[in-house]
Number of protein chains: 2
Amino acid sequence: MGTSQRSGCPINLTLELLGDQWSLIVIRDIMFGRRRHFRELITKSEEGIASNVLADRLRRLVENGLLSKRDDPAHKQKAIYSLTEASIELVPLLVQVGAWGRRHTPADPVLAKRAKQLEEGGPKKWKALMAHLRASHIGPPSA
Amino acid sequence: MGTSQRSGCPINLTLELLGDQWSLIVIRDIMFGRRRHFRELITKSEEGIASNVLADRLRRLVENGLLSKRDDPAHKQKAIYSLTEASIELVPLLVQVGAWGRRHTPADPVLAKRAKQLEEGGPKKWKALMAHLRASHIGPPSA
DNA sequence: CCCAACCAGTTGCAATATGCAATCGGTTCC
DNA sequence: GGAACCGATTGCATATTGCAACTGGTTGGG
């Protein structure tokens, strides 16, 4: 799946990276669900991702610059996954995915609440969220 | 793949419908590439979709209300595929997919040109495009 | 010190999906 | 009447997914 390069269309290239059932779910959980470790992603997964698939997706997302991985200083075995600038810039895309899902799928109103707030908050709110994510995943600019 | 219902999250439900390598490519080609027939989608496909996969995706997209299918009055064998209101409302989502791809993938500048224009045109331009698509795919409101 | 719980994955296997090329029965054009 | 065109379908090799069990190592409490 690596260097396929079906075409240079930006939509196609994005789908080659993220067009599967799980990649955006993993990013959603890290972005909105505050998960940072493998175990958290597995055990708190609403959709029940399999551990081998999660391992594969995390590896590929890191490989493609959508996540970064580092050791947890407090625990030799724990790995901390963080969003990168590239994945933080998926916020507007995810907002539109949520907005469409809210209107055209039988989405649970409770789960759709955050999607609705982000959608109605507009670009201003998205940018605030993105700034917040940068602070907690990438750290201050001079760090 | 039918009634999986992994969760009621709007992002998840959207990915269950459209989260694969080809569905959004097919919609992109119908939406921006003015393809309306099976043959057009196959022979003019930049990415080279296989005919069995295209047949499957068209069937599923029709089944899920993202496309409609009708007979071509001018040719007994031809089927005309049209966008529906649901897929026309994917415009903002596709704009964001294109916008992200333009920034974060090695997209061809020529192919990225329309993505750039739509992105920079803002919601006003998207709505104009959506109105145009409604006119040519769904027909006038009182028809 | 010891053991249970926890850590990030890996392995094996069956089921499913994809990619590819050839082909089908029917239609239309010349 | 024959070639080109129509929307698919078929058969087959390969790749991906889902599931459950398991691995080697770490940590914290008693």
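Per chain, numbering begins at 1; letters A, B, ... match sequence-line order.
Rounding to whole angstrom units, CD1 of residue A:I49 and C1' of C:dA8 are separated by 14 Å. Rounded to whole angstrom, the span from the CG atom of B:L54 across to the C1' atom of D:dG7 amounts to 9 Å. The OH-C1' distance, from A:Y81 to C:dC7, rounds to 11 Å in whole Å. The separation between A:D72 atom CG and C:dC6 atom P is 16 Å, rounded to whole Å. Per the geometry, CD1 belonging to A:I42 stands 12 Å off P belonging to D:dG18, to the nearest Å. Protein atom CD of B:E40 is 8 Å distant from nucleotide atom P of D:dG7, rounded to whole Å. The distance between atom NZ of A:K78 and atom P of C:dA5, rounded to the nearest whole Å, is 17 Å.
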What pairs of donor and acceptor atoms, side-chain ones from residues 62-72 of chain A against any protein atom, are under 3.5 angstrom apart with sequence neighbours left out?
from	atom 1	to	atom 2	distance (Å)
A:E63	OE1	A:R59	NH1	3.1
A:N64	ND2	A:R60	O	3.0
A:D72	OD1	A:A74	N	2.8

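Place B:H37 and A:D20 on DNA chain D by their nearest nucleotides, and B:H37 ends up nearer the 5' end.
The phosphate of C:dT18 has neither OP1 nor OP2 within less than 4.0 Å of any side-chain N or O from B:W22. Taking 4.0 angstrom as the limit, A:K69 places a side-chain polar atom (N or O) nearer than this to OP1 or OP2 of C:dG9.
Contact check of residues 23-32 of chain A against DNA chain C (heavy atom, cut-off under 4.0 Å) returns no residues at all.
The side-chain tip of A:R28 does not point at the ring of A:W22 from less than 6.0 angstrom away and within 45° of straight on.
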Legend entry - nucleotides 19-30 of chain D: protein proximity per nucleotide (B base, S sugar-phosphate only, - neither; heavy atom, under 4.0 Å): B-B--BBSS---
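For A:D29 and A:R34, the salt-bridge test fails: no basic side-chain N is under 4.0 Å from an acidic carboxylate O.
The main-chain N or O of A:G33 is found under 3.5 Å from a side-chain atom of A:R35 such that the two form a donor-acceptor pair. A donor-acceptor contact shorter than 3.5 Å is absent between the side chain of B:E89 and the backbone of B:A86.
Around NE2 of A:H75, the count of heavy atoms belonging to other residues, nucleotides or ligands within 6.0 Å exceeds 12.
Under the ring-ring contact (aromatic ring centres under 6.0 Å, His included) criterion, B:H104 pairs with B:W100, sequence neighbours left out. B:E85 is linked by a salt bridge (charged side-chain N to carboxylate O under 4.0 Å, His left out) to B:R134, counting only residues two or more places apart in sequence or in another chain. With sequence neighbours left out, A:E120 forms a salt bridge (charged side-chain N to carboxylate O under 4.0 Å, His left out) with no residue at all.
Picking from C:dA8, D:dT17, D:dT9 the nucleotide with the shortest atom distance to the side chain of A:R57 gives D:dT17.
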